[in-house]
Amino acid sequence: MDSQQFREFGKAAIDYIADYYDNVKTQRVLPSVQPGFLISQLPENAPEGPENWREVFQDFRELIAPGATQWHSPQFHGYYPCGTSFASIIGSLLTNGLGNVGLTWVASPACTELEVVTMNWLGKLLGLPEEFLNCSRGPGGGVILGSATEAMFVCMLAAKSKMFHSLRKLDDNLDEHQTKTKFVAYTSNQSNAAVEKCGILGSMKMRLLKSDSNGRLRGDTLRCAFEEDKANGLVPCFVVATLGTTGICAFDPLYELGPICKEYNVWMHVDAAYAGAGFICPENRYLMQGMEYADSFDVNVHKWLLVNLDCSALWVRNGYDLIRTFDVQRVYLDDVNMDLRIPDYRHWQMPLGRQFRSLKLWTVMKIYGAEGLRKHIRSQINYAKYLAKLVRSDERFVVDPEPSMGLVCIRLVEGDKMTKKLLNNLVESRQTFMVGAYHRNRLVIRVAICSQLTTKTDVENSWAIIRNEASKLIMSDISDKY
Ligand SMILES: *Cc1c(COP(=O)(O)O)cnc(C)c1O
């Protein structure tokens, strides 16, 4: 493929993408395909010779794209939003165009420095305490990683290393392996499955502590767990607090957990993968009260801030905690740099190589401006409130708990069995997509406002789909009974 063909294919692809977003509202959310639909249509071997880009593009349009789920349809309400925007797509294109690997400063000076700048910009937009920012000239700083899982894993390993070194200061003969097996991590039973997985990856016992009736992990519960473990000769080491749980978007009170972590010298990581984006609007910051106790904070910019996967923004109070944990020098990487103003980001992450991810974050922040981003978040929160209002107008439904950020949880008054059937029917209709969660031992259907294209009419359309399915279900249930 030469540059002329690239121009042609590229322009056709851009047109395709623009059309895709123009028409996404008319598409069914879930594709009408069965498992194996694509495998059975594609050849078993890669083509021996080159194919013309037009044929390749035709295959994409006719065979592959029909099997995609419309994540950006306003009727897609599953999980949490997956960020995308034209600005971000262009940013990704430029990243791929430059094709840099920013493993050291010299490997791509722009890659390192734009990351520093954009992470300072974003950290300020979120209202993070100054000491987390690279521009504070202290040891804090931000880094872009691939996922919230990666971010908490990196922090867990740093916490482990830090805890061991602080214990060894008291006892020179401490055996590293033996000691580390005694370390314990804590989170709530409402935290994302990623947290539990982290414990497995990092070989640390992970206790899923009972949350209160509002899905929040409380200080007393954490203190009891610390005391219990200490009494058994174990060492509390790492806590993951969640701002915006995946099930019902509950917020752990950092102001309760933080002081206890401080008292026991335990690292507190804040997982704000989805809801963290809401803090760009000052009116939501009361939910992050206690942030000053955190050691690290992570938000998936690729969820609710219009940036495409993957872009997970992690800030740490002390970058040296990561550097000391991950610094492995080799001659070919010989540029020992302990100056955090221009960090050597390879010591802040698991892989060696790293993409120029900040370009898409930069493009989005420039094209939208802080006002544009805040407007996006506020309108999504308002659509969630509007949907809750519509649901409440129908006495067959209950909204429970109150909407939180862009998430509305609903259930049928008739109980779990009917709610479960309704959820199944909604997904089977392929017109919408939602998933369930449990709140106070009751099944709720999570309706997350996801698409950035959502309008008031779209919210009304989603509600019409839900209401109609409920009517059909309740009618057939009555006729079954008689
Ligand atoms: C989405 C989410 C995760 C998982 O994020 P990945 O980036 O896919 O690892 C973890 N925690 C919370 C609260 C989430 O919303």
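Counting starts at 1 for both ligands and their atoms, following the listed order. Given the structure is predicted, the values throughout are model-derived calculations rather than measurements.
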**Request:** Mind checking the CG-OG1 spacing from Leu209 to Thr187? Nearest 0.5 Å is all I need.
**Result:**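 Atom-to-atom, Leu209:CG and Thr187:OG1 are 7.5 Å apart.
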**Item:** Listed partners of Asn265 passing side-chain hydrogen bond (donor to acceptor under 3.5 Å, both in side chains), at least two apart
**Value:**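 Asn265 satisfies side-chain hydrogen bond (donor to acceptor under 3.5 Å, both in side chains) with no residue once adjacent residues are dropped.
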**Residue list, side-chain hydrogen bond (donor to acceptor under 3.5 Å, both in side chains) with Asn382, at least two apart or on another chain** =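 Asn382 satisfies side-chain hydrogen bond (donor to acceptor under 3.5 Å, both in side chains) with no other residue.
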**Asked** Residues two or more places apart in sequence or in another chain: which of them pass salt bridge (charged side-chain N to carboxylate O under 4.0 Å, His left out) with Lys182?
**Response**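 Applying salt bridge (charged side-chain N to carboxylate O under 4.0 Å, His left out) to Lys182 gives none.
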**Asked** Can any side-chain N or O of His302 pair as donor or acceptor with the backbone N or O of Cys311 at less than 3.5 Å?
**Response**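 Checked: pair present.
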**Lys NZ or Arg CZ of Arg223 over Tyr264 ring: under 6.0 Å, within 45°** =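 Judged by the rule (NZ or CZ under 6.0 Å from the ring centre, within 45° of its axis), Arg223 is not positioned above Tyr264.
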For ligand 1, find each of its N or O atoms that sits under 3.5 Å from a protein N or O atom, and tabulate the pairs with distances to one decimal place.
residue  : atom   : partner : partner atom : Å
ligand 1 : 5 (O)  : Asn300  : ND2          : 3.4
ligand 1 : 7 (O)  : Ala148  : N            : 2.8
ligand 1 : 7 (O)  : Asn300  : ND2          : 2.9
ligand 1 : 9 (O)  : Ala148  : N            : 3.4
ligand 1 : 9 (O)  : Thr149  : N            : 2.9
ligand 1 : 9 (O)  : Thr149  : OG1          : 2.4
ligand 1 : 11 (N) : Asp271  : OD1          : 3.4
ligand 1 : 11 (N) : Asp271  : OD2          : 2.6
ligand 1 : 15 (O) : Lys303  : NZ           : 2.8

